[in-house]
Q: 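Take a look at the following structure, please.
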Amino acid sequence: MIALLVAAFLAFAGAFGTEHAPLGLRFAYWVGLMLAGTLVARVIYWAMDRVPWIDERPQAQLVAGTLVMAAIYTVIVWAVSIQVMGAAQGLPRMIDYFVPVLMVSAVMTALNVMAARQPLETHAGAPGSAPARFLERLPPRLRGAALHAVQAEDHYLRLHTDRGSDLILMRLADAVAELEGLEGAQTHRSWWVAKDAVQTARRADGRAILTLKSGVEAPVSRSYVKALKAEGWF
């Protein structure tokens, strides 16, 4: 929805020298670029999440995300502009696109990094309320167990409980949505932890680590430490 609104604004404004093209063509041009940019950004953020040195440092995320996004997206804008708008070809013209694309990339990356610094939290329900929907997904041998943590492993989730662990096929983002009703938070890109399952917290190699009652150790992203500390996790 945001991409479509931005595309509509840029189309009506005739941004970046597109004012001479018909409105319908401008709208299609900007919608295509916005959707392509969204896809490229998701791939870049997915890749950065899997590089610990970058994932734990917001400043590195901002610099790396901006530069990689600008480099890739400049080529896309240049190629699409040639095909759709009949823009001038050649390397000099592509370089002309780089500065405005770099500025937009910096803003979008900064917004993404700031949003990622706030961990997703889930909250215990009121007395007598229905239990968290996610508990229905526990394998039969773990039914009734206390859920300590949910860990993403590729396309699967490892469920850590007081009776052991098991795997289910599900995305962590979908699981967090169904964990509402249990007091906990996403402590890392790959972990959700129940607050009452935390036994101790310590720092090792510059990172925070939560030791759960089952003995499992869950990492805490550096960008989440401040927010979780304010919530009484440490």
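Just the heavy atoms: all of them, side chains too, but no hydrogens, waters or symmetry mates, feed the values below. This structure is a prediction, so every number in the text was calculated from the model and none was measured.
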Q: For residues R171 and L157, report the shortest heavy-atom separation together with the two atoms involved.
A: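 Smallest heavy-atom distance, with atoms named: O-CD1, 3.9 Å.
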
Q: Taking the side chain as every heavy atom from C-beta outward, state whether V176 and V150 have any atom pair closer than 4.5 Å.
A: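 No - every pair of side-chain heavy atoms lies 4.5 Å or more apart.
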
Q: When rounded to the nearest 0.5 angstrom, what distance separates CH2 in W192 from NE2 in H148?
A: 10.0 Å

Q: Identify the heavy atoms of K195 and E231 that sit nearest to each other, and give their distance.
A: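 Shortest heavy-atom separation between K195 and E231 comes out as NZ-O, 2.7 Å.
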
Q: T122 side chain to L182 main-chain N or O, any donor-acceptor pair under 3.5 Å?
A: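 It does hold such a pair.
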
Q: Where the side chain of R163 meets the backbone of R143, is there a donor-acceptor pair that is under 3.5 Å apart?
A: yes

Q: side-chain contact (heavy atoms from CB on, under 4.5 Å) for I209 and V220? Distances and angles first, verdict last.
A: CA-CA 6 Å; I209 297 176; V220 180; over 6 Å; no

Q: Could you report the tightest heavy-atom contact between I76 and A36, atom names first, then the distance?
A: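 In this case the closest contact between I76 and A36 is CG2-CB, 4.3 Å.
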
Q: So which heavy atom on F134 is nearest to which on M170, and how close?
A: CE1-SD, 3.7 Å

Q: State plainly whether one hydrophobic cluster holds both M103 and V101, where clusters connect Ile, Leu, Val, Met, Phe, Trp and Tyr through side-chain heavy atoms under 4.5 angstrom apart.
A: no

Q: When clusters are formed by joining ILVMFWY residues with side-chain heavy atoms under 4.5 Å apart, either directly or through shared neighbours, do L39 and M34 land in the same one?
A: no

Q: List the atom of S105, the atom of M69, and the distance in Å for their closest heavy-atom pair.
A: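 Nearest pair, atom of S105 first, then M69: OG-CG, 3.4 Å.
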
Q: Please report the interatomic distance NZ(K213) to CG(D196), rounded to the nearest 0.5 Å.
A: 5.0 Å

Q: Within the 4.5 Å heavy-atom criterion, are I72 and V43 side-chain neighbours or not?
A: no

Q: Spell out, as yes or no, whether a donor-acceptor pair under 3.5 Å connects the side chain of E121 to the backbone of Q186.
A: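 Absent.
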
Q: Using 0.5 Å steps for rounding, measure from the NE2 atom of H188 to the CG atom of L210.
A: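 Output value for this atom pair is 11.5 Å.
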
Q: Which heavy-atom pair separates T66 from A106 by the least distance, and what is that distance?
A: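 Looking at all heavy atoms of both residues, the closest pair is OG1-CA, 3.5 Å.
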
Q: Is there side-chain contact between P139 and I168, with at least one heavy-atom pair below 4.5 Å?
A: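 Side chain of P139 against side chain of I168, heavy atoms only: contact under 4.5 Å found.
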
Q: Who pairs with E217 by side chain to side chain donor-acceptor pair (under 3.5 Å), at least two apart in sequence or on another chain?
A: R202

Q: Is V68 linked to L33 within one hydrophobic cluster, defined over Ile, Leu, Val, Met, Phe, Trp and Tyr using a side-chain heavy-atom separation of less than 4.5 Å?
A: yes

Q: Is it possible for you to say whether V40 and W30 belong to one hydrophobic cluster, with membership spreading through side-chain heavy-atom contacts below 4.5 Å?
A: yes

Q: Measure the OG1-CG distance between T74 and L102 for me, rounded to the nearest 0.5 Å.
A: 7.5 Å

Q: Starting from L25, can I reach W78 by hopping between I/L/V/M/F/W/Y residues whose side chains sit under 4.5 Å apart?
A: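 Hydrophobic grouping puts W78 with L25.
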
Q: First locate atom CG of L142, then atom CG of D162, and finally report the distance between them rounded to the nearest 0.5 Å.
A: 9.0 Å

Q: Checking W233 against T187: is there a side-chain donor and acceptor pair closer than 3.5 Å?
A: no

Q: Report yes if the side chains of V77 and Y29 come closer than 4.5 Å at any heavy-atom pair, otherwise no.
A: yes

Q: Would you say that R137 contacts L159 through its side chain, given a criterion of any heavy-atom pair below 4.5 Å between the two side chains?
A: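 No, side chains not in contact.
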
Q: Any ring-ring contact (aromatic ring centres under 6.0 Å, His included) involving residues 159-186? Give me the pairs, sequence neighbours left out, ordered by first then second residue.
A: H160-W191

Q: Compare all side-chain heavy atoms of Y73 with those of I44 and state whether any distance is below 4.5 angstrom.
A: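 Sidechains of I44 and Y73: no contact.
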
Q: side-chain contact (heavy atoms from CB on, under 4.5 Å) with E153: which residues, sequence neighbours excluded?
A: Q151, R158, L167

